[in-house]
Amino acid sequence: MKFNLPRGLRDIEPADFELMERIRDAFIQTCKLFGFSLMEPSPLEMLETLEAKSGSSIRDEIYAFKDKSGREVGLRFDLTVGLTRWVVSNRALQFPVKIGSFAGLWRYDEPQYGRYRWFYQWDAEIFGPTNVDADAEVIDFAYSLFRRLGLEDISIHIGDRRLVEEYLEKNIGVKDEPLVAEMMRALDKLGKKTAQEILEEYSSKVEPSILNQLLEFGKISGDIEEVLNRLKEYHLTSTTTLIDLVDLLKHRGVKNTVIDLSIVRGLDYYTGVVFEAFTNDQALGALAGGGRYDILPAIFGRPDLGATGVAGGVDRTILALKKEVASTTQREPLIYITYVGKEVRSFAQHIASTLRGEGLPAEVELMERSLRKQLEAASKRNSDYVIIIGPKELASNRLILKNMKDGREEVRSVAETIDLLKQLTKTR
RNA sequence: GCCGCUGUGGUGUAGCCUGGCUAGCAUAGGGGCCUGUGGAGCCCUCAGCGUGGGUUCAAAUCCCACCGGCGGCCCCA
């Protein structure tokens with residue numbers, strides 16, 4: 001094939017597009033229920049904006065280039081940066097600001113299972129509050145969205161970076177920023193790899209005996225009582241946030257939550273509560289993740305603002321939907337209008353337009369094929385009803401309505417046929 | 001950016017090791033049998049060796065490079 005796509009890109013074909021629409025609809029409905037307004041930040045940013053959060057190392061992982069006037073620009077690699085930039089630069093906004101976005105992103109990674117260089121995310125962020133209520137809200141949001149999509153076996157793993165930081169400082173004596181960040185990244189791998197593998201991988205960067213202590217700490221998980229019980233021996237004080245959060249989630253009816261201290265997220269800008277949502281398919285990875293990142297508004301010039309949010313991978317969710325949710329796609333009833341004879345052509349198109357005006361989905365023959373071929377085409381497209389119009393019908397201003405399930409036909413006036421179709425398609 | 005596997009019509013594949021006739025089969029698409037009545041069957045038809053070089057009388061087949069796909073690392077969703 002000569003006209004290949006660039007590596008890691010793909011066309012979103014009708015079957016996947018339909019699932020994507022389901023996710024988008026569910027997301028928008030959830031935004032409305034929770035009072036999030038929707039927007040889409042610019043796909044292209046100045047490179048320095050994108051680097052603000054992660055430093056210039058991000059340059060290797062994104063699409064970055066010079067535009068025609070030599071400006072250094074890059075395609076967005078997440079929605080958080082653009083949304084935060086927008087919120088910070090709009091001083092008139094009333095807090096809390098709750099915004100959601102559903103849009104495509106680009107990352108220059110090697111493609112893998114469920115991962116492309118162009119992909120979609122949904123994203124819900126709350127700016128302003130620094131208290132845990134906002135964290136509870138975004139976790140509830142993600143949970144509600146997955147419920148709405150019909151994914152029943154979602155579990156949400158919740159951690160708290162501050163708890164881990166306190167542990168590192170008090171119990172191991174590690175306070176040095178870069179080392180903490182490195183150890184966090186190592187801890188984050190605990191869901192995917194064994195402690196032994198992680199220790200080997202990081203042996204040159206972190207003293208294994210120290211890292212091992214952290215990994216043991218990170219293995220603490222379970223419901224809040226269990227976790228508090230195991231944490232007693234460490235004498236940590238920053239457990240109050242998690243206790244409060246769990247209570248709020250309980251009252252919001254969010255089920256399947258697990259405290260999991262290995263959840264710290266790979267990115268350095270998270271500052272507090274962090275969480276990830278999984279299905280029982282481990283290989284798929286997290287369907288959504290998020291947490292508190294108060295540092296980012298501060299970098300953009302608003303240290304007074306708190307920020308917390310959640311983002312979900314649409315492609316992974318599509319894979320999960322394909323596996324778990326029976327394809328109960330509710331199809332619109334389809335009416336196919338066939339005709340015989342050139343002189344009937346314009347009347348057939350008029351009828352199609354009339355049906356559509358009545359809110360009935362109608363297709364009309366566009367290729368002037370034989371009636372046999374038209375019926376064959378209607379059948380292959382799974383049409384529910386076919387309208388047949390020939391010179392006789394044109395003369396008497398009547399339509400033949402054929403039910404494709406049982407093959408029965410009725411001849412009626414145009415108005416009667418429309419009424420009948422409305423009745424027939426309403427009960428579905 | 002790195003590593004492994006892989007690439008034959010739209011899709012699924014045979015042929016490749018051991019170079020040699022018009023690249024075979026199935027399915028999907030178009031048409032006919034059947035000019036105003038669909039789903040079956042039969043027949044016809046469109047369409048392919050990822051790209052570029054090299055070796056050779058001769059390359060889908062052997063060699064090299066690049067490109068794409070799948071999966072892993074890194075990072076993350």
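Residue numbering restarts at 1 for every chain, and letters A, B, ... go by the order of the sequence lines.
Stacking here means ring centres nearer than 5.5 Å and ring planes tilted less than 30 degrees, and by that measure A/Phe119 stacks onto B/A77.
Straight-line distance between the P atoms of B/C5 and B/A65: roughly 14 Å, to the nearest whole Å. Taking atom P in both B/U61 and B/C16, the straight-line distance is 13 Å, to the nearest Å.
Checking the phosphate oxygens (OP1, OP2) of B/G30, no side-chain nitrogen or oxygen of A/Lys373 falls inside 4.0 Å. Distances shown here put every side-chain N or O of A/Lys405 at or beyond 4.0 Å from the OP1 or OP2 atom of B/G39. A/Gln112 has a side-chain polar atom (N or O) that falls below the 4.0 Å cut-off from OP1 or OP2 of B/G72.
Under the Watson-Crick or G-U wobble criterion, with both distances below 3.5 Å, B/U61 has no partner in any strand shown. Across all strands shown, the partner of B/G68 is B/U6, judged by Watson-Crick or G-U wobble contacts whose two distances both fall under 3.5 Å. With a 3.5 Å ceiling on both atom-pair distances, the Watson-Crick or G-U wobble partner of B/G1 is B/C73.
Crowding of A/Glu48 atom CD: a count of heavy atoms from other residues, nucleotides or ligands under 6.0 Å not exceeding 12.
In the set B/A77, B/C73, B/G39, the nucleotide with an atom closest to the side chain of A/Arg265 is B/A77. When distances are taken from the side chain of A/Lys189 to each of B/G38, B/C74, B/C70, the shortest belongs to B/C74. You'll find that the side chain of A/Arg107 is closest to B/C76, out of B/C76, B/C74, B/C75.
Evaluation of atom-type donor-acceptor distances gives no pair under 3.5 Å for the side chain of A/Arg185 against the base of B/C76. On a pure distance criterion of 3.5 Å, a polar donor-acceptor pair joins the side chain of A/Glu409 and the base of B/U37.
Residues satisfying the side-chain contact (heavy atoms from CB on, under 4.5 Å) criterion with A/Glu137, sequence neighbours excluded, are A/Phe34, A/Phe36, A/Lys98, A/Ile126, A/Arg252.
Sequence order on RNA chain B of the closest nucleotides to A/Pro6 and A/Glu182 puts A/Pro6 first from the 5' end. Both A/Ser379 and A/Arg316 lie close to RNA chain B; mapped to their nearest nucleotides by heavy-atom distance, the more 5′-ward contact belongs to A/Ser379.
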Identify the pairs formed between an N or O of the protein and an N or O of nucleotides 1-4 of chain B at a distance under 3.5 Å, and give each distance.
none

With 3.5 Å as the limit, what N/O pairs link the protein to nucleotides 34-36 of chain B?
from, atom 1, to, atom 2, distance (Å)
B/C34, O2, A/Arg372, NE, 2.3
B/C34, O2, A/Arg372, NH1, 2.6
B/C34, O2, A/Arg372, NH2, 2.8
B/G36, O6, A/Pro391, N, 3.3
B/G36, O6, A/Lys392, N, 3.1
B/G36, N1, A/Glu393, OE1, 3.0
B/G36, N2, A/Glu393, OE1, 3.4
B/G36, N2, A/Glu393, OE2, 3.3

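Among the protein residues, A/Lys380 comes within range of the sugar-phosphate backbone only, with heavy atoms under 4.0 Å from sugar or phosphate atoms but none that close to a base. The residue A/Gly8 sits close only to the backbone: its heavy atoms come under 4.0 Å of sugar-phosphate atoms, none of a base.
Classified by interplanar angle (parallel below 30°, tilted 30° to 60°, perpendicular above 60°), the ring pair A/Phe141/A/Trp122 is tilted.
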